[in-house]
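Below: one structure, written as C-alpha cells.
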Amino acid sequence: MIKMFLSSSFCDVVSLFKDFAGEEVAGKKVTFIPTASIVEEYVGHVENDKKAFESLGIIVDVLELSTASNEDIKEKITSNDYIFVSGGNSFYLLQVLQETGADLLIKEQVSNGKLYIGTSAGSVVMSPNIQYVELMDDKSFAPKLADYQAMGMTDQYPLVHYSSEPFASVAEEVYQEYKDKLPLVLLSNYQVMIVQNQEVSVLSV
C-alpha cells in the first residue's frame, strides 16, 4: 500500500497530517532529508517544516544525503517510521538521490508501505519525470544528471506552489505549458496531494 503526503509547504498543511497517517504520530521518528535546499539561498522553509513535525511530537532525524555515509543512508531510511524530503532544487535533489542510491531505498520502502512525506521538490521527484519544473528550478545545479526520469511513485505531476507567492507567476507558466501534455495536480501552499496506491486526491486546509 503506497501512502504519500505530497505538499508544496508541509508546515502550512501539517494540520492534515495526523488524520492521514491514521495512527498516533507522537514518538514516531521521521528521516528528514533537507538535501534539495543546500543549493538554495533561502532555507527558512526547512526549519519551519522541522518545527511542524516537532509540534506533533515526531522525532526528527536529519539525513543530509550529500555528506552521509552509505551505512547512515540505509539505516535511517529503512529503520525510521516515516521519510520526509524537503523543498529546494528538484534537479539537484534527483541527482543526489541517484548518486547515493537513496532513490532505490526510498522506492523500496514506500512500495512496502512506509509513509512518505514530500514538500515542493520532495513532492516533484515522486512524479515520472521532473523536466516540467525547469522554469521553476535551475538545472545547472545538477550537471551530472543524465536525464530527468524521476521516482515514478505516482503517475501524476504535482505542480507545487500554484497560485502561491513568490512562485505564482512561474507556476502559471508551467501550467500553461503542460496542461494539455501532462496530468498535472495543482497544489497551492495550503493543499496536499494524497496518494494511496494509485488513488489521488487533493485536500485543503
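By convention here, the first residue in the shown sequence is residue 1. No hydrogens, no waters, no symmetry mates; every other heavy atom, side chains included, goes into these values.
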Lys/Arg-Asp/Glu bridge criterion (N-O < 4.0 Å) met for Glu177, Lys181: yes
Minimum-distance pair of heavy atoms, taken over all atoms of Ser86 and Val46: OG-CG2, 4.1 Å
Flag for Tyr162-Glu172: side-chain donor and acceptor within less than 3.5 Å: yes
From CD1 (Ile77) to CG (Leu63), nearest 0.5 Å: 5.5 Å
Over all atoms of both residues, closest heavy-atom pair of Gln176 and Lys179: OE1-NZ, 3.0 Å
Atom pair CD (Glu23) and CG (Asp19), whose distance is rounded to the nearest 0.5 Å: 12.0 Å
Main-chain N/O of Gly88 paired to Ser120 side chain as donor or acceptor, under 3.5 Å: no
Within residues 66-95 or reaching into it, pairs that qualify as salt bridge (Lys or Arg N to Asp or Glu O under 4.0 Å) - sequence neighbours excluded: Asp61-Lys76
Distance in Å, Glu64 CD paired with Ile73 CD1, rounded so as to fall on 0.5 Å steps: 9.0 Å
Residues Glu108 and Lys114 bridged, charged N to O under 4.0 Å: no
Phe20 six-ring centre to Lys3 NZ/CZ under 6.0 Å and within 45° of normal: yes
Beyond-backbone contact of Ile33 with Ile106, side-chain heavy atoms, under 4.5 angstrom: yes
More than 12 heavy atoms of other groups within 6.0 Å of Glu165 CD: yes
Distance, nearest 0.5 Å, that separates OG of Ser55 from CZ of Phe53: 9.5 Å
Tyr178 ring center near Tyr157 ring center (under 6.0 Å): no
From CA spacing to verdict: side-chain hydrogen bond (donor to acceptor under 3.5 Å, both in side chains), Asn80, Thr31: CA-CA 6 Å; Asn80 289 341; Thr31 300; 2.8 Å; yes
Main-chain N/O of Leu65 paired to Thr35 side chain as donor or acceptor, under 3.5 Å: yes
Any side-chain heavy-atom pair of His161 and Val170 under 4.5 Å: no
Closest non-hydrogen atom pair between Ser66 and Ile38, with its separation: OG-CD1, 3.4 Å
Polar side-chain atom of Ser9 near backbone of Thr119 as donor-acceptor pair, under 3.5 Å: no
Heavy-atom donor-acceptor pair, Asn189 side chain to Ser164 backbone, under 3.5 Å: no
Side-chain (Gln98) to main-chain (Gln95) donor-acceptor, under 3.5 angstrom: no
Shared hydrophobic cluster for Val192 and Leu187 (ILVMFWY, side-chain gaps under 4.5 Å): no
Flag, side chain of Asp147 to backbone of Gln149, donor-acceptor distance under 3.5 Å: yes
Shortest non-hydrogen contact from Val13 toward Val205: CA-CG1, 3.8 Å
Tyr148-Phe91 aromatic ring centre distance below 6.0 Å: yes
Nearest heavy atoms of Asp155 and Pro183, plus distance in Å: O-CG, 3.5 Å
Check: Phe5 ring centroid to Phe17 ring centroid under 6.0 Å: yes
Test item: Lys107 side-chain N/O and Met151 main-chain N/O as donor-acceptor pair under 3.5 Å: yes
Backbone N/O of Val160 and side chain of Ser8: donor-acceptor pair under 3.5 Å: no
N/O donor-acceptor pair under 3.5 Å between Asn89 side chain and Asp138 backbone: yes
4.5 Å side-chain heavy-atom contact, Lys29 and Ile58: no
